[in-house]
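First up is the structure itself, then whatever we jot down about it.
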There are 2 protein chains.
Amino acid sequence: MAQVSYLFKEVSLPQLKAACSGCSLKELCLPVGLGTDEIAELESFIHRGRAAKKGEYLYRAEAPFTSLYAVKAGCFKTSVISEDGREQVTGFHMSGEIIGMDAISTERHTCSAIALEDSEICEIPFVQLEELCRKIPALQRHFYKVMSREIVRDHGVMLLLGNMKAEERLAAFLLNLSQRFQSRGYSPRAFHLRMTREEIGSFLGMKLETVSRIFSRFQDERLIRVSNREIELLDMLRLKQLLNGCSSK
Amino acid sequence: MAQVSYLFKEVSLPQLKAACSGCSLKELCLPVGLGTDEIAELESFIHRGRAAKKGEYLYRAEAPFTSLYAVKAGCFKTSVISEDGREQVTGFHMSGEIIGMDAISTERHTCSAIALEDSEICEIPFVQLEELCRKIPALQRHFYKVMSREIVRDHGVMLLLGNMKAEERLAAFLLNLSQRFQSRGYSPRAFHLRMTREEIGSFLGMKLETVSRIFSRFQDERLIRVSNREIELLDMLRLKQLLNGCSSK
DNA sequence: TTGACGGTTTGATGTGGATCAAACGTACCG
DNA sequence: CGGTACGTTTGATCCACATCAAACCGTCAA
């Protein structure tokens, strides 16, 4: 059962949900231009089906780097810790996303990855991926794009943290999650948050009380419905307007 | 005059200043493991010596991607613009740094790069770099590391923007510049800022008035001396302590 | 020299979000 | 079942930084 190659294509296609559930993946690999043999080779060295229980570290900062990890199912947070112990969540990662790329530069992990729910991951030994990239230009290109996309994402977070106010950040966060659930074939309107208010706050640069207050405010304004970690987006249009400095400006 | 290969090694060595001024670079390339032929090939397709005047765009967001750029001399800022027109400076880039990697993912630039002073850059056509990476594993690995380092840097900025207060951010900023000047063979104690207070503020997520006020406060406290854009770090130790939540905490 | 302009400093005031504190809900576990 | 722990909500207060405003300075061009 060839189940991992989908990780090497763009993760924004609706078919991805099907891919995850284990059907034939050949067509999903075509965008990368891999043939059957090449898929086989890729899968020969990927360690599949490793499980991580909720709360478990996938890797810790400082640990020596050997592999990248592809989230196969579930959800992870990655975070960096400053010298004086402050945590900054750098991202939430769901199925189809590759994490650990920060570790390539120093050959040690610079952030930690923790499972937010019971999850499954694929381990991708880096040296072997590198070698295969040399043989398969399309795979090489694809992997460069994956790394580049992470840089673009980080720039987006910098914009969010540097320029937006709490309300806007939270709207952006919800819309981002919505879109990612949608691209995985789930409802973009209603979903379950895997992370605590504190983790959301750490990611968005605000305190957990502020996250809670703004959720409540959004609910009062009929923008969303919150019940615990269940979120329903009632008015995505207005949420988007909130992002772009209301209607004018 | 082989003058560009140094861009493909770690930029943290003191010899780099010498490298920039144009002496033989062979030894500087050894860390990447390139032979003479390979250096020649690398340099065969790199367009060297392109100049950019102060204020000039090196590339603009949305422009199609063809090349990465290595800063040979001078200084650039890169910035993203949100849909509603807010600018976030994502970085300041000096000699030896490679910019444009964000564009690989979508094959369009996602940020703009502007020269902060008269500068020189090398243009590196991406397809040819890719091809050479396939032939030279050490170069491939090195380029992965360059991209990874950018991700690590971005995570550091996220920590700064998400967790630190204005004073700490500015201290971190000055110390970071200091270190980068030092690694290029310049004084880590005194240097010239190439960017305006507003650009610093945009990068650090604060207003230009706040930047100015904190510079003044640092000066009052004998931490630094500021005169216009000339900076002198008088007490680097205390600046570092400022970073790590003062002495205690 | 004069002016204009972009950048910087400094002051006065306002406010968004942090902090402190308490009560409440939910889930897990003996 | 009841208790403990963890996460969440909500209120009251405070403060860091934004905003608004004015003066100042260095540079360049006429």
Side-chain angles (χ1 to χ4, degrees), chain A residues 53-55 75 77 86-89 114 116-118 160-174 192-221 224-231 242 245-246 249, chain B residues 53-55 75 77 86-89 114 116-118 160-174 192-221 224-231 242 245-246 249:
Chain A
K53 298 224 65 101
K54 178 175 175 177
C75 184
K77 73 166 177 180
R86 287 180 276 198
E87 177 187 34
Q88 171 72 34
V89 171
I114 297 177
L116 296 181
E117 61 184 322
D118 292 356
L160 181 135
L161 291 173
N163 264 299
M164 293 165 56
K165 38 191 189 314
E167 229 175 47
E168 300 172 314
R169 292 180 205 180
L170 211 48
F173 175 69
L174 290 175
H192 179 84
L193 297 177
R194 269 73 176 180
M195 64 297 283
T196 68
R197 304 286 191 261
E198 186 168 21
E199 287 161 338
I200 296 172
S202 169
F203 180 56
L204 298 179
M206 64 185 86
K207 292 293 151 182
L208 69 101
E209 294 96 325
T210 307
V211 174
S212 176
R213 267 183 244 276
I214 294 177
F215 273 165
S216 300
R217 199 188 310 161
F218 280 178
Q219 179 156 258
D220 292 347
E221 293 168 356
I224 65 174
R225 237 175 37 77
V226 208
S227 165
N228 229 348
R229 296 197 185 172
E230 298 301 327
I231 296 280
L242 234 173
C246 300
K249 180 180 160 188
Chain B
K53 299 225 64 102
K54 179 176 174 174
C75 184
K77 73 165 177 180
R86 288 180 275 197
E87 177 187 33
Q88 171 71 34
V89 171
I114 297 176
L116 296 180
E117 62 184 323
D118 292 356
L160 182 135
L161 292 173
N163 265 300
M164 294 166 55
K165 36 193 193 308
E167 229 176 45
E168 300 172 313
R169 292 180 204 180
L170 211 48
F173 175 70
L174 291 175
H192 178 82
L193 297 177
R194 268 74 175 179
M195 64 296 284
T196 68
R197 304 287 191 259
E198 187 169 20
E199 287 162 338
I200 296 172
S202 169
F203 180 56
L204 298 178
M206 64 186 86
K207 293 292 152 183
L208 69 100
E209 294 96 326
T210 306
V211 174
S212 175
R213 267 182 245 275
I214 294 177
F215 273 164
S216 300
R217 199 187 310 160
F218 280 178
Q219 180 157 259
D220 292 346
E221 293 167 358
I224 65 173
R225 238 176 37 76
V226 208
S227 165
N228 229 345
R229 297 199 185 171
E230 298 301 326
I231 296 280
L242 234 172
C246 300
K249 181 182 158 186

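The structure presented is a predicted model; accordingly, all values stated were derived computationally and were not measured. Order of the sequence lines sets the chain letters (A, B, ...), proteins ahead of strands, with each chain counted from 1.
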(request) Kindly compute the distance separating CD1 (B/Ile231) from CZ (B/Arg225), expressed to the nearest 0.5 Å. (result) 9.5 Å
(request) Measure the spacing between CZ of A/Arg229 and CD1 of A/Ile200 and express it to the nearest 0.5 Å. (result) 8.0 Å
(message) Let me confirm one number: the CE-NZ distance from A/Met206 to A/Lys165, rounded to the nearest 0.5 Å.
(response) 12.0 Å
(request) Can you tell me the distance, in whole Å, between the CG atom of B/Leu208 and the C1' atom of D/dT19? (result) 11 Å
(request) Report the residue (A/Glu209 or A/Asn228) whose heavy-atom-nearest nucleotide on DNA chain C is the more 5′ of the two. (result) A/Glu209
(message) What is the separation between atom NZ on B/Lys165 and atom C1' on C/dT19, rounded to the nearest whole Å?
(response) 12 Å
(request) Drop me the distance from B/Arg197's CZ to B/Leu208's CG, to the nearest 0.5 angstrom. (result) 9.5 Å
(message) Treating A/Ser227 as the side-chain partner and A/Glu230 as the backbone partner, does any N or O pair qualify as donor plus acceptor under 3.5 Å?
(response) no
(request) Counting heavy atoms from C-beta on, name the nucleotide in C/dG17, D/dA18, D/dT9 closest to the side chain of A/Arg197. (result) D/dT9
(request) Using whole Å, report how far CD of B/Glu198 lies from P of C/dT8. (result) 9 Å
(request) Name the residue closer to the 5' end of DNA chain C, choosing between B/Phe215 and A/Arg217 according to the nucleotide with the nearest heavy atom. (result) B/Phe215
(request) Round to the nearest Å and state the distance from A/Glu230 atom CD to C/dT26 atom P. (result) 12 Å
(message) Tell me whether the side-chain N/O atoms of A/Ser216 come closer than 4.0 Å to OP1 or OP2 in D/dT10.
(response) yes
(message) So if I take every side-chain heavy atom of B/Arg213 and compare against C/dG11, C/dT9, D/dT8, which nucleotide ends up nearest?
(response) C/dG11
(message) Whole angstroms only, please: what is the CG-P distance between A/Leu204 and C/dG16?
(response) 18 Å
(request) Just call it for A/Arg169: base, sugar-phosphate, or nothing, with non-hydrogen atoms closer than 4.0 Å on any strand. (result) nothing
(message) Expressed as a whole number of angstroms, how long is the span from B/Leu193:CG to C/dT8:C1'?
(response) 13 Å
(request) Give the nucleotide from the list D/dT8, D/dT19, C/dT8 with an atom nearest to the side chain of B/Arg229. (result) C/dT8
(request) Give one of base, sugar-phosphate or nothing for A/Ser212, where a contact means two heavy atoms less than 4.0 Å apart. (result) base
(request) Grab the NZ-P distance between B/Lys207 and C/dT8 for me, whole Å please. (result) 15 Å
(message) Using whole Å, what does the distance between atom C1' of nucleotide D/dA18 and atom CD of A/Glu167 come to?
(response) 17 Å
